[in-house]
Amino acid sequence: MKRYALDELIKWKTSKRRKPLILKGARQVGKTWLMKYFGENYFENMAYIDFYRNERMKKLFSGDFEIRRLIEGLQAETHEKISPDKTLIVFDEVQEVPLAISSLKYFYENSPEYAIIAGGSLLGVASHKGVSFPVGKVEFANLYPLNFCEFLEAIGESELVRLLMKKDWQLIAAFKSKFIDYLRKYYFIGGMPESVAVYSEDRDYIAVRKVQEEILTAYNEDFSKHVPSGDLAQVRNVWNNITRQLAREKKRFSPGIVKKNSRLKDYENALQWLTDAGLIYKVEQISIPSIPLKNYTSSAFKIYFLDVGLLSCMAELDSKVLLEGAAIFKEFKGSLTENYVCQELINYGKKPFYWSSEATAEVGFVFKHNSNIYPLEAKAEENLKAKSLKVYKEKFKPALCLRTSMKDYREEGWLTNIPLYAIGLWEE
């Protein structure tokens, strides 16, 4: 299964200023597979350590951080000779041994020649539990569910991906029906590696749904194990009401949807936990599209799900919807489409915000790319009047406005329409 994040790891390996790398991502997005694949294919050998329930590693890192002592302990654990630059050292589920995270500082300062990748499903959560992240001494990378192009690669449609990357829009339009068909399937299957693998092997939507249900069950079990007891009920309430939040015409997060008469502060810890665990994406509202965007956020925000396929599972969408043409793109007021666009933007390194006026105008996504800020409207319907984009344009006069829809690529002066199936690859 081809993962584009591998290119980032290869660059890290050859960097002259390499630091220990922390790979973050939600549970079951493929972190362990990627780290092992990288170690097996780009190093002479790999010393892989799983820290989950590993008492030996807890004892090893509870002593001093003398590098020679740690290397000897890691060699004894893995039965691998660890050589600088030749061996990839993998710390998996490293949040289970917080002192191993702290040790990365000493590896960088005293023995930077060792190549170390540390991964874990709840590293973001661990940072709020008193775990001392070695700020400035490590690098970070994120792994998300497979994006649409990775999905196409995984199911044997690499030629379609190459076509998208060439951006020959006339030729792409000739294969439009294929792209739309696969995008419809992606909305149902999503990008969780196991779901994609099951579909690729068997083309069995019932089996895909079973895998997705198992993943959602595993997330629920994580809540019981890792969420502070005082926040558990709120985390479950937010989680169980995500589809209700997204089914609203205006998708701004409303605590009253979670529980009647509740207030936002009742769910601040729950929202932070889910965000840190990589299970939701928080898209904040901005008042002015100026750099840096984060300086112009308000208290309003939307939340989206980590994976559009898991969202369709949570919403209990039947596989029959795949036979109903464009219906799946419009499900619960276009929420699947918005969630998909949000995922694609984040996966390709574009942090999304949104803008809305005091009246009714709202632009679903605003993001910075290179030195410019772009408004982006995501359309699941055929109505492409772009009223809100026009309001935004008149107010802020951006160099270019973007819309993504099922329509073909088209430049209209102030507005460029990008097909939904190509939105992740858009560049200036």
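Because the structure is a prediction, the values reported are computed rather than measured.
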side-chain contact (heavy atoms from CB on, under 4.5 Å) assessment of I49 paired with I89: CA-CA 8 Å; I49 305 97; I89 303 172; 4.2 Å; yes
Expected output: side-chain S356 to main-chain E362 donor-acceptor under 3.5 Å: no
Trace of the side-chain contact (heavy atoms from CB on, under 4.5 Å) decision for N339 with Y281: CA-CA 9 Å; N339 206 97; Y281 304 126; 5.5 Å; no
Main-chain N/O of W169 paired to D408 side chain as donor or acceptor, under 3.5 Å: no
Y199 six-ring centre to R203 NZ/CZ under 6.0 Å and within 45° of normal: yes
Over all atoms of both residues, closest heavy-atom pair of A386 and L415: CB-CD2, 4.4 Å
Partner set under side chain to side chain donor-acceptor pair (under 3.5 Å) for D307, not counting sequence neighbours: none
Contacts of N269 that satisfy side chain to side chain contact (heavy atoms under 4.5 Å, CB included) - sequence neighbours left out: D231
Non-hydrogen atoms of L264 and P255 that approach each other most closely: N-CG, 3.6 Å
Between NZ on residue K379 and NZ on residue K407, distance to nearest 0.5 Å: 12.5 Å
Cationic N near anionic O, under 4.0 Å, D222 to K225: no
Pairs flagged by salt bridge (Lys or Arg N to Asp or Glu O under 4.0 Å) wherever residues 30-53 is involved - sequence neighbours left out: none
Stepwise side chain to side chain donor-acceptor pair (under 3.5 Å) check, Q272 with D276: CA-CA 6 Å; Q272 189 66 58; D276 290 338; 3.0 Å; yes
Value rounded to 0.5 Å, distance of OG in S200 from CD1 in I189: 9.5 Å
Sidechain-backbone polar pair: D266 side chain, R263 backbone, donor-acceptor under 3.5 Å: yes
Verdict with supporting geometry, D85 and R18, salt bridge (charged side-chain N to carboxylate O under 4.0 Å, His left out): CA-CA 11 Å; D85 294 320; R18 186 182 66 200; 3.0 Å; yes
Rounded distance [0.5 Å steps], CH2 in W414 versus CG in L402: 10.5 Å
Salt bridge (Lys or Arg N to Asp or Glu O under 4.0 Å) pairs, two or more places apart, involving residues 56-73: E55-K58, R56-E77, D64-R69
Polar side-chain atom of K251 near backbone of R248 as donor-acceptor pair, under 3.5 Å: yes
Ring geometry between F91 and F61 (parallel below 30°, tilted from 30 to 60°, perpendicular above 60°): perpendicular
Lys/Arg cation over aromatic Y354: K302, 6.0 Å, 45° cone: yes
Over 12 foreign heavy atoms within 6.0 Å of CZ, F140: yes
Y114 and F107 aromatic ring geometry - parallel, tilted or perpendicular at 30°/60° bounds: perpendicular
Inter- and intrachain pairs under salt bridge (Lys or Arg N to Asp or Glu O under 4.0 Å), touching residues 147-162, at least two apart: K2-E153, R3-E150, E159-R162
Parallel, tilted or perpendicular: rings of W239 and Y219 (30°, 60°): perpendicular
Spacing of CE belonging to M192 relative to CG belonging to L146, to within rounding of 0.5 Å: 9.5 Å
Aromatic ring proximity, centroids under 6.0 angstrom, F43 and F38: yes
Contacts of E316 that satisfy side chain to side chain contact (heavy atoms under 4.5 Å, CB included) - sequence neighbours left out: none
For Q212, all residues meeting side chain to side chain donor-acceptor pair (under 3.5 Å), sequence neighbours excluded: R209
Other residues, nucleotides, ligands: >12 heavy atoms within 6.0 Å of I206 CD1: no
Of all pairs that satisfy salt bridge (Lys or Arg N to Asp or Glu O under 4.0 Å), the ones with a partner from residues 90-106, not counting sequence neighbours: none
Min side-chain heavy-atom separation L60-M57 under 4.5 Å: yes
Donor-acceptor contact present, side-chain S15 to main-chain R17, <3.5 Å: yes
Q170 atom CD, neighbour heavy-atom count above 12 within 6.0 Å: no
Heavy-atom closest contact (P193 atom, V29 atom, distance): CG-O, 3.3 Å
Smallest separation among heavy atoms of I280 and I303, with atom names: CD1-CG2, 4.1 Å
Side-chain donor-acceptor pair present, Y144, Q343, cut-off under 3.5 Å: no
Within residues 289-299 or reaching into it, pairs that qualify as side-chain hydrogen bond (donor to acceptor under 3.5 Å, both in side chains) - sequence neighbours excluded: Q285-S298
Close side-chain approach of Y267 and S262, heavy atoms under 4.5 Å: yes
Greater than 12 external heavy atoms within 6.0 Å of K176's NZ: yes
Side-chain H-bond candidate by donor/acceptor type, S224 with R236, under 3.5 Å: yes
V94 to A118 - nearest heavy-atom pair and separation: CG1-CB, 3.9 Å
With sequence neighbours excluded, residues passing side chain to side chain contact (heavy atoms under 4.5 Å, CB included) with E411: Y409, T416
Side chain to side chain donor-acceptor pair (under 3.5 Å) partners for Q234, two or more places apart: none
Ring geometry between Y374 and W426 (parallel below 30°, tilted from 30 to 60°, perpendicular above 60°): perpendicular
Close aromatic pair by centroid cut-off 6.0 Å: F353 and F301: no
Counterpart residues, side chain to side chain donor-acceptor pair (under 3.5 Å), relative to Q75 (two or more places apart): none
Aromatic plane relationship, Y340 with F148 - under 30° parallel, 30 to 60° tilted, over 60° perpendicular: perpendicular
CA sep, side-chain torsions, deciding dist, call: Y304, I346, side-chain contact (heavy atoms from CB on, under 4.5 Å): CA-CA 11 Å; Y304 293 97; I346 290 172; over 6 Å; no
Spacing of CZ belonging to R403 relative to CD1 belonging to I418, to within rounding of 0.5 Å: 10.0 Å
Pair K185-D181, salt bridge (charged side-chain N to carboxylate O under 4.0 Å, His left out): steps then yes or no: CA-CA 6 Å; K185 292 172 180 175; D181 181 54; 3.3 Å; yes
Separation of L425 CG from C149 SG (nearest 0.5 Å): 4.0 Å
Under 3.5 Å donor-acceptor, S103 side chain and A100 backbone: yes
